[in-house]
Amino acid sequence: MTRTRYFVASTLDGFIATDDHSLDWLVTRDLGPDKGGDLSYDAFIADIGAIAMGAATYEWLLRHHGDEPWFYSQPCWVFTHRDLPLRDGADLRLTRAPVPEVHAEMTAAAGEKDIWVVGGGDLAGQFHDAGLLDEVLISVAPLTIGSGQPLLPRHVELRIVDSRVAGEFVTTRYEVVRPK
Ligand SMILES: NC(=O)c1ccc[n+]([C@@H]2O[C@H](COP(=O)([O-])OP(=O)(O)OC[C@H]3O[C@@H](n4cnc5c(N)ncnc54)[C@H](OP(=O)(O)O)[C@@H]3O)[C@@H](O)[C@H]2O)c1
């Protein structure tokens, strides 16, 4: 069954980007020889059939990787109220539809595979608000930055499923505990 998963890297104090949307604190860090094995990005992305991200995350990708081919072969829904530029050869769908409606489309597109909510944290929170977030995977880097874009600005109860150290990161997989 398709799971909806939020996989993200965070600082120790719970931020996924700086106030001005920099990821310089993240992109140079060492992931270790096996990059996290079962909890690595490579293992994760192999199970993903549909992707969701917010406008700021998409704009970061355009700013930093705009000259490269689009990363993802999976269809990608970008939540935005704006007419953002698209990328040739990428299956990108700009949307402002309600999260449950988009989630239903994503589930159909994912088939047997899972859905990845890339971020930001509030978008993952919107999936949780709708009762549609199943799993959170967080790779915590060894630094604090004091302020920035929040990891998951909600009260979300989680149960640890697995955890491991990979290079400079501690990655933990949690399942979302749904209210009874
Ligand atoms: N550390 C990591 O692993 C990681 C992972 C992902 C992202 N990031 C970074 O974290 C930052 C996240 O930025 P962010 O917190 O601002 O989040 P974001 O989710 O990327 O972008 C927020 C924007 O998405 C649009 N949006 C959100 N929900 C919507 C909805 N229901 N309907 C329509 N549009 C909606 C709005 O844009 P408009 O109204 O302006 O169109 C909103 O201002 C970025 O810098 C990104 O690069 C880091």
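Fair warning: this is a prediction, and the values are worked out from it, not measured in the lab. Note that ligands are numbered from 1 as they come in the structure, with each ligand's atoms numbered from 1 the same way.
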Please indicate whether any nitrogen or oxygen in [X] is less than 3.5 Å from any nitrogen or oxygen in ligand 1.
| X | value |
| --- | --- |
| A17 | no |
| A56 | yes |
| T95 | no |
| W25 | no |
| S10 | no |

Is the ring pair W116/F7 parallel, tilted or perpendicular, if the boundaries are 30 and 60 degrees? tilted
Record the part of D122 in heavy-atom contact with ligand 1 below 4.0 Å; permitted values are side chain, backbone, both and neither. neither
What part of M53, side chain from CB on, backbone N/CA/C/O, both or neither, has a heavy atom under 4.0 Å from ligand 1? neither
Given [options], which has its nearest heavy atom closest to [atom]?
| atom | options | answer |
| --- | --- | --- |
| atom 2 (C) of ligand 1 | P150, P98, A9 | A9 |
| atom 30 (C) of ligand 1 | F127, F79, W60 | F79 |
| atom 41 (O) of ligand 1 | T57, V118, T80 | T80 |

Using atom types as modelled and distance alone, determine if a side-chain donor or acceptor of [X] lies under 3.5 Å from a backbone N or O of [Y].
| X | Y | answer |
| --- | --- | --- |
| D134 | R5 | no |
| T2 | G111 | yes |
| E175 | R159 | no |
| Y174 | I138 | no |
| D13 | I145 | yes |

Could you check if a side-chain atom of L23 sits within less than 4.5 angstrom of a side-chain atom of W25, using non-hydrogen atoms only? yes
